[in-house]
Structure formats: structure tokens, C-alpha cells
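Report on one structure; see the data block that follows.
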Amino acid sequence: MNRNFSIRLIKKRLSFYLPCLFLLLLTAGSLASCGISDSDRTNLPAMTQGAGSQMPVPLPSESHLRAFTTVQSLSDGDFTPAAPEDTPRNSFTDLSVPTYVTKVEDTYFLVDCYHNQVIFHDNLSDPLTDWQILTDEIDKGHTLASDGTVYLVDDTEGNRVLVFEKKEGVFYHTQTLDEAGNRPHYIVYDAPTDTFYVWSSMNGEMYLCRHDPGDPQMYLTQIRSVDALKETYVRSFTIDGDDIYFVSGIPGTPAIIQADLSTFEVRKTYPVPDAIAGMVQLTFAKGNCYITVSTDINGSQDYATILRAKDLKDLADGNYEDIYDHFIGGGTPYYISQIDNTYYLTEHRIPGHALWKFDITEDGVENVEAVY
């Protein structure tokens with residue numbers, strides 16, 4: 001082969017391959033600068049946008065693990081709306097192990113766990129028999145969460161998530177997510193990440209669910225896990241900025257786990273005494289940590305209480321205050337929720353004291369009042 005021809009051929013090939021190599025190096029550098037781990041690279045479409053992140057969030061419909069199953073579509077031409085007054089009313093005069101209360105727009109929702117239903121009403125003063133039934137298709141459900149478009153309810157013993165939509169004052173069951181882990185127990189909608197977080201309480205898995213803007217169709221976009229909680233019953237989690245906290249559960253090593261919200265990588269572990277190992281929920285308010293406790297490490301509800309601590313690291317040394325006497329005490333406190341500027345506590349084991357309202361100030365709990 002002619003020497004000049006060989007040189008020209010080599011230069012031609014270099015002129016083609018060098019720009020491609022440069023582009024590959026530039027792409028790799030960009031991914032590294034975003035802090036994307038090897039595990040996340042395999043699941044980029046499912047990532048959510050954390051605080052401060054510059055990564056665009058793909059629409060759920062473009063890439064997802066699976067779509068929720070459609071039960072009925074309110075946009076179908078053959079859909080016939082029901083009258084609001086035809087929605088069944090609650091027949092129970094009391095609550096049986098209520099777990100959660102929340103408010104969406106002008107409607108209150110109460111999860112009546114052992115009555116296997118979620119009820120709703122426009123105020124908290126009318127008798128419970130004035131409330132209407134959102135659903136009684138659940139078995140020991142615990143929470144409801146909404147972004148204003150869809151309403152998600154966990155069907156704990158059915159390992160499902162039910163989706164409801166509201167039209168002309170009536171709620172309809174429109175979608176279902178089956179096989180949602182092992183006893184899904186707690187759902188939160190987090191606006192900054194535009195994501196519903198569904199906690200599978202028995203195996204340390206979190207199901208991340210979203211829908212496209214303007215479209216109620218729900219998608220499961222990612223499943224994350226905390227290995228340390230795979231064999232532990234954990235009742236809830238708390239999202240605080242870029243962090244997510246998992247309360248102590250049983251069995252296992254009693255501790256609160258603080259993890260990164262975007263990766264679930266454990267950042268800190270806060271050991272807790274055996275007497276408060278079976279926690280229910282952690283609430284940050286007015287510079288303090290409020291913790292509801294259901295059982296000790298052996299599962300005894302005799303240790304049920306409510307605690308206040310200045311810092312989570314104080315718990316290991318027993319440096320916390322028992323504040324359950326503000327609510328009479330003696331029962332089992334469950335979830336705390338904030339509605340407007342007031343806090344609410346669900347509780348069981350004490351007849352006539354199933355739902356409380358109260359204020360939290362810098363001095364502690366004040367203005368405690370039994371609602372139901």
C-alpha cells in the first residue's frame with residue numbers, strides 16, 4: 001500500500017473517531033457531576049427530582065415499572081355519574097381503631113381501620129353517622145393521601161392501593177395497584193418531588209407512584225428499599241426536606257433511621273431504648289421531636305405513650321419527656337396529622353377518646369380537646 005495513502009487513511013479515521021471519543025468523555029463527566037450512582041443509571045427514568053436537583057423528571061407514562069389497573073374511567077362516554085346524596089352514610093356511632101385523619105380542600109377524611117372503611121364529611125363536629133363512606137373495600141387500611149387530583153388509600157391486608165377521583169361531589173374508585181409489597185401501611189404525597197410514597201411496612205420497601213400533569217392515570221415508577229428494615233415491622237416514615245426518617249420497629253435493633261430521600265442511602269442511625277422500640281410516628285414541630293409509641297420491643301401496648309425530645313440523639317440516653325398525660329393516657333396513640341394550623345391525634349383502647357385536636361407551641365402541647 002502507498003505510504004501517503006496510508007497516512008491519509010489514518011488521518012481520516014482519526015477525524016471521525018476523536019469527536020465521538022470526546023463526546024463520550026463529556027457525557028460521562030456530566031453524569032459524574034450530577035452524582036448519579038451506578039444503581040441509579042439503570043433506573044434513570046424512575047428517579048424523582050429532589051430539592052436542588054437540576055435533573056429533569058421524565059413523565060411516568062414515558063418510562064415506568066407498571067401502570068395502575070383501571071377500574072373505571074370518568075371520561076368514558078358511557079360513564080353515568082351518581083348523585084352525592086346516594087353515597088352511603090356511615091352506620092357506626094363510634095370509631096374502631098382510627099388511624100388517620102386529614103383534610104383535602106374542604107373535606108375531612110377519617111380512616112376507621114377496624115371498621116374497614118374510610119369516611120368523609122365537611123366538618124368535625126357532626127355525629128359520625130352524618131359522615132359518608134368513601135370506601136369499605138379495604139381490609140385494615142391505615143392512611144389516605146391526595147394531591148388534589150387523585151386520592152390514594154392503602155388496603156393494608158389486601159396488599160393493594162386504591163385510587164379515587166372526585167367528580168361533581170362524588171368519589172369513585174377508578175384505579176388499583178395490586179401486589180404493593182407486604183402490608184402497605186402509610187402513604188404520603190410529597191409536593192416537591194411530585195410523588196406518592198407508599199410504605200410496605202413489613203419488608204422495608206417503598207413504592208413511588210406518580211401521574212402525568214393533567215392526567216389521573218397512576219404509574220408505579222420505582223421501588224426503593226432499606227435493607228436494614230427488611231425483617232422489621234415499621235409503621236411509618238417522615239419526609240423532612242432532603243431526608244426521610246423511618247421510625248423504630250420490631251423485631252430488630254431499636255433505632256430511628258435517617259436516609260437520603262433521593263437515594264435511600266442511610267445517613268444516620270439513632271438508637272432508642274427497648275421500652276420505646278415499637279414506634280408509630282415521628283413529627284417535627286416547633287424545634288422538637290414528637291414521637292407516638294405503640295409498644296415496647298416485646299410488643300406490649302402497656303408501654304404506649306407520646307414523647308417529646310429536643311434531638312433524636314437524646315433518645316438513646318432516655319433524655320426525653322413523656323407527654324401522654326396531656327391526652328389522659330392509658331390508650332395507644334397512633335398517627336399525628338396537621339390540618340391548617342391545628343394538630344390531630346388518632347388513638348385507640350379508650351372509649352370516647354378516638355380523635356384529639358391540639359396545638360403545638362415552643363412550650364409544648366396545649367389546648368388539647370377530644371373530638372370523637
Side-chain angles (χ1 to χ4, degrees), residues 34-37 39-40 43-44 46-55 57 100 102 143 145 147 152 181 184-201 203-210 221-230 232-249 252-272 276-293 306-317 319-320 335-338 343 360 362:
C34 290
I36 302 173
S37 67
S39 61
D40 283 336
N43 205 10
L44 281 177
M47 291 181 68
T48 56
Q49 185 172 7
S53 171
Q54 299 301 312
M55 180 179 297
V57 180
Y100 195 70
T102 189
T143 54
D147 64 351
L152 273 62
H185 206 305
Y186 196 68
I187 305 178
V188 167
Y189 172 70
D190 181 60
T193 55
D194 191 23
T195 300
F196 288 91
Y197 292 80
V198 180
W199 178 240
S200 172
S201 66
N203 64 356
E205 289 183 344
M206 185 77 82
Y207 286 64
L208 277 62
C209 307
R210 299 175 63 222
T221 57
Q222 190 177 18
I223 301 175
R224 295 182 184 155
S225 62
V226 181
D227 290 341
L229 302 179
K230 286 186 178 297
T232 304
Y233 173 37
V234 176
R235 292 175 173 86
S236 75
F237 60 91
T238 300
I239 295 175
D240 185 50
D242 293 334
D243 294 313
I244 182 168
Y245 295 80
F246 298 92
V247 294
S248 175
T253 303
I256 294 175
I257 291 177
Q258 177 184 352
D260 181 275
L261 179 60
S262 62
T263 65
F264 274 35
E265 178 182 354
V266 176
R267 288 177 168 174
K268 294 181 181 179
T269 299
Y270 302 92
V272 303
I276 60 173
M279 295 179 174
V280 181
Q281 187 188 37
L282 165 65
T283 300
F284 296 109
K286 300 295 182 180
N288 289 288
C289 311
Y290 290 84
I291 301 170
T292 49
V293 176
I306 305 176
L307 310 175
R308 182 177 74 159
K310 192 65 179 178
D311 196 291
L312 293 179
K313 64 184 180 182
D314 295 334
L315 296 173
D317 300 325
N319 187 17
Y320 51 80
Y335 292 137
I336 292 175
S337 55
Q338 184 178 8
Y343 289 86
I360 295 180
E362 293 181 357

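Side chains are part of it too, since the values below use all heavy atoms of this structure and drop only hydrogens, waters and symmetry mates.
The list of side chain to side chain donor-acceptor pair (under 3.5 Å) pairs with a residue in residues 282-293, not counting sequence neighbours, is empty.
Formation of a donor-acceptor pair under 3.5 Å by the S200 side chain with backbone atoms of G181 is not found in this model. Under a 3.5 Å cut-off, the side chain of W199 and the backbone N or O of V234 do form a donor-acceptor pair. Between the T238 side chain and the L282 main chain, a donor and an acceptor come within less than 3.5 Å of each other.
Residue L307 holds its CG atom at 11.5 Å from CG of N319, rounded to the nearest 0.5 Å. To the nearest 0.5 Å, the span separating CD1 on I257 from CG on L312 amounts to 12.5 Å. For the atom pair CZ of R210 and OG1 of T193, the computed distance is 8.0 Å after rounding to the nearest 0.5 Å. A distance of 8.5 Å separates CG of D243 from CZ of F284, quoted to the nearest 0.5 Å. Rounding to the nearest 0.5 angstrom, the gap separating the CD atom in Q281 from the OG atom in S337 is 7.5 Å. Distance CD1/I244 to OG1/T263: 10.5 Å, rounded to 0.5 Å.
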### Criterion side chain to side chain contact (heavy atoms under 4.5 Å, CB included) on L208 and R224, from CA distance to verdict
CA-CA 8 Å; L208 277 62; R224 295 182 184 155; 3.6 Å; yes
### Message
I'd like to know whether Y245 forms a side chain to side chain contact (heavy atoms under 4.5 Å, CB included) with K268, so could you lay out the CA-CA distance, the side-chain angles of the two residues, the decisive distance to 0.1 Å, and finally the verdict.
### Response
CA-CA 9 Å; Y245 295 80; K268 294 181 181 179; over 6 Å; no
### Task
Please lay out, stage by stage, how I256 and M279 fare under the test side chain to side chain contact (heavy atoms under 4.5 Å, CB included).
CA-CA 9 Å; I256 294 175; M279 295 179 174; 3.8 Å; yes
### Message
For Y197 and D190: C-alpha separation, side-chain torsions, deciding distance, then whether side chain to side chain contact (heavy atoms under 4.5 Å, CB included) applies.
### Response
CA-CA 7 Å; Y197 292 80; D190 181 60; 3.6 Å; yes
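Nearest approach of G241 to L261, heavy atoms of both residues: O-CD2, 3.7 Å. Here the closest non-hydrogen pair linking E362 and R308 is O-NH1, 4.2 Å. T232 and G252 get closest at one heavy-atom pair: OG1-CA, 4.3 Å. Here the closest heavy-atom approach between residue A277 and residue S248 is recorded as O-OG, 2.7 Å. Nearest approach of R235 to Y335, heavy atoms of both residues: O-OH, 2.6 Å.
For S225, the side-chain contact (heavy atoms from CB on, under 4.5 Å) test picks out E205, D227, K230, with sequence neighbours left out. Residues passing the side chain to side chain donor-acceptor pair (under 3.5 Å) test with Y320, sequence neighbours excluded: none. Evaluation of the ring-ring contact (aromatic ring centres under 6.0 Å, His included) rule for Y233 yields H185 as partners, not counting sequence neighbours. The side-chain contact (heavy atoms from CB on, under 4.5 Å) check on T102 picks up Y100, F109, L144, with sequence neighbours excluded. Looking at residues two or more places apart in sequence or on another chain, you find a ring-ring contact (aromatic ring centres under 6.0 Å, His included) between F196 and Y189. Listed by chain and residue number, T269 satisfy the side-chain contact (heavy atoms from CB on, under 4.5 Å) test with A255 (two or more places apart in sequence, or in another chain). With sequence neighbours left out, S201 forms a side chain to side chain donor-acceptor pair (under 3.5 Å) with no residue at all. Annotation: side chain to side chain donor-acceptor pair (under 3.5 Å) contacts of S236 (sequence neighbours excluded): none. Y270 meets the ring-ring contact (aromatic ring centres under 6.0 Å, His included) test with no other residue; sequence neighbours excluded. The salt bridge (charged side-chain N to carboxylate O under 4.0 Å, His left out) check on D260 picks up R267, with sequence neighbours excluded. For D317, there are no salt bridge (charged side-chain N to carboxylate O under 4.0 Å, His left out) partners at least two apart in sequence or on another chain.
Remark: aromatic rings of F237 and Y186 are close, center separation under 6.0 Å.
A donor and an acceptor atom, one from each side chain of Y207 and Q222, are nowhere located under 3.5 Å apart.
Side-chain contact between I291 and L315 is present, with at least one heavy-atom pair separated by less than 4.5 Å.
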